[in-house]
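Have a look at the structure below before the remarks.
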2 protein chains.
Amino acid sequence: MIETARGIIAANGLRSLKVRDVAEAADCSIGSVYNEFGDFDGLILTVNRETVQALTARLVAVPAEDPVRQLHGLAEAYLTFAADHANLLRSLFEHRMEDDRPFPEDILKMVMQAFALMHEPMVRLLPDRKPEEVALLARMMFSAVHGIISLGLEERMVAVPPEKLRQQLAQFVDTHLAGLGIAVDKPRDGEV
Amino acid sequence: MIETARGIIAANGLRSLKVRDVAEAADCSIGSVYNEFGDFDGLILTVNRETVQALTARLVAVPAEDPVRQLHGLAEAYLTFAADHANLLRSLFEHRMEDDRPFPEDILKMVMQAFALMHEPMVRLLPDRKPEEVALLARMMFSAVHGIISLGLEERMVAVPPEKLRQQLAQFVDTHLAGLGIAVDKPRDGEV
DNA sequence: ATACATTTTGAACAATGTTCATTTTCAACC
DNA sequence: GGTTGAAAATGAACATTGTTCAAAATGTAT
């Protein structure tokens, strides 16, 4: 059932998700969807929850030996995930809830955890700066990467080919690290 | 009528925009809304069009004497606009059309024009690089700024206070320019 | 004043999220 | 095995909202 919903969102975007379609595909009644998830938002949030989990899993799997490589790896993992699951990520970041119900605590926490994954390598690279300051820098860098990727993949606008985006992202990370006073002269794998 | 629609979106988000509300507020029939805008998307797009125009106007108004100051000004103008009209900007970037109708050409063009405003000062700062390369750098920088601002202002997540965001943005621009090999040692107005 | 064009109207329709009384399922107990 | 009561599943009915379109209202030219 979640599987079906995710399939529909991934294939045609959140807007095309319909309760009736999910019920039919799952071979159960409409009411059952409501018994399971409470309401439509509940279903969407369940899919979104799994999306963050999948994303976080990818990010956590990035090797952590060399902090610079790790940052590149995180950015690239994010890009790969975003390119493969553009609609799922959009659902996560763009879905607004009914009324003004609060954003679920656990999803928020997981997103923050994903954000925080850039924190550790940044601390290693900037041992002299205050932790709070580094936390801000890390969040900023994550946000910047997010912006580059999400606008870059936006089909409505002129979408950049993922391969090209990958190069740009790597360049961005390098440039930004250089700006922070971190030397990155040795080219890494797969860089042009 | 557009005014009403914009008001509703700005106040409560795109989701709460209803044809009937607009018709009632404009003191006309539902049908008239359709005669005027074709369909619901037409109304939304009209509001979005004016949003890009307003944003572009703000960005164009940024002084262009010193390129570094100009870049800071552009980022700050974007932030100010985003903070003042968060829901309108979201409507512009997040609204998906029915089916797969194409994104209107003119809006796309205006967004690109806004993107391109970072191009000129970047060319001035990097006279030795190839124009296409600078265009990519400019778009990347714009996207990064967009990401920092849109995630930063996201109330669902932990929103950063605009004042704090302003500082971070300025720091980001400085860092990035430094990474590009551009010296920025003189503090600018209003910087902490 | 008449005839034709244009605009406006809002009732009816279609799509879709939501509810809830009813039915079905199923386990526990005698 | 039959009875019973809780739990789960059902889908018809409802509420909201985008959309259509025949009819009415308005405007204009002759």
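Residue numbering restarts at 1 for every chain, and letters A, B, ... go by the order of the sequence lines. Keep in mind it's a predicted model, so treat the numbers as computed, not measured.
Side-chain contact check for V68(A) versus V173(A): every heavy-atom pair is 4.5 Å or farther apart.
Distance, M1(B) CE to dT8(C) C1': 11 Å, rounded to whole Å. Here dG18(D) presents its P atom at 11 Å from CG of D41(B), a figure rounded to the nearest Å. To the nearest angstrom, C1' of dT18(C) lies 14 Å from CG of L43(A). Rounded to an integer number of Å, the gap from CG of N35(A) to P of dT19(C) is 11 Å. In this entry the distance linking CD of E36(B) with P of dT7(C) reads 10 Å, nearest Å. Residue I44(B) contributes atom CD1, which lies 13 Å from atom C1' of dT17(D) at whole-angstrom precision.
Applying the salt bridge (charged side-chain N to carboxylate O under 4.0 Å, His left out) test to residues at least two apart or on different chains, the pairs with a partner in residues 88-98 of chain B are R15(A)-E98(B), E94(A)-R96(B), R96(A)-E94(B), E154(A)-R96(B), R90(B)-E154(B), R90(B)-E155(B). The salt bridge (charged side-chain N to carboxylate O under 4.0 Å, His left out) analysis of residues 22-36 of chain B, with sequence neighbours excluded, yields no pairs.
Proximity of residues 6-16 of chain A to DNA chain C (heavy atom under 4.0 angstrom from any strand atom) is not detected for any residue. Contacts between residues 21-32 of chain A and DNA chain D, defined by a heavy-atom separation below 4.0 Å, involve C28(A), S29(A), G31(A), S32(A), listed by number.
Shown here are the side-chain contact (heavy atoms from CB on, under 4.5 Å) partners of V52(B), two or more places apart in sequence or in another chain: T56(B), L92(B), I107(B), M110(B), V111(B). Residues satisfying the salt bridge (Lys or Arg N to Asp or Glu O under 4.0 Å) criterion with D39(B), sequence neighbours excluded, are R101(B). In this view, A116(B) satisfies the side-chain contact (heavy atoms from CB on, under 4.5 Å) rule with no residue, not counting sequence neighbours. In this view, H85(B) satisfies the side chain to side chain donor-acceptor pair (under 3.5 Å) rule with no residue, not counting sequence neighbours. Partners of D106(A) under the salt bridge (Lys or Arg N to Asp or Glu O under 4.0 Å) rule, at least two apart in sequence or in another chain, are R49(A).
Through direct or relayed side-chain contacts under 4.5 Å between Ile, Leu, Val, Met, Phe, Trp and Tyr, L14(B) connects to M1(B), I2(B), I8(B), I9(B), L17(B), V19(B), V22(B), I30(B), V33(B), Y34(B), F37(B), F40(B), L43(B), I44(B), V47(B), L88(B).
Not a single donor-acceptor pair under 3.5 Å links the side chain of S91(B) to the backbone N or O of N87(B).
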Atom pairs, protein N/O to nucleotides 14-17 of chain C N/O, distance under 3.5 Å:
unit_1  : atom_1 : unit_2 : atom_2 : d
dT16(C) : OP1    : K18(A) : NZ     : 2.6
dG17(C) : OP1    : L17(A) : O      : 3.4
dG17(C) : OP2    : V19(A) : N      : 2.9
dG17(C) : N7     : R20(A) : NH1    : 2.8
dG17(C) : O6     : R20(A) : NH2    : 2.8

Please output the side-chain donor-acceptor pairs of residues 139-152 of chain B that fall under 3.5 Å, not counting sequence neighbours, one pair per line with the distance.
unit_1  : atom_1 : unit_2  : atom_2 : d
R139(B) : NH1    : V158(A) : O      : 3.4
R139(B) : NH2    : V158(A) : O      : 3.0
S143(B) : OG     : R139(B) : O      : 2.9
H146(B) : ND1    : Y78(B)  : OH     : 2.7
S150(B) : OG     : H146(B) : O      : 2.9

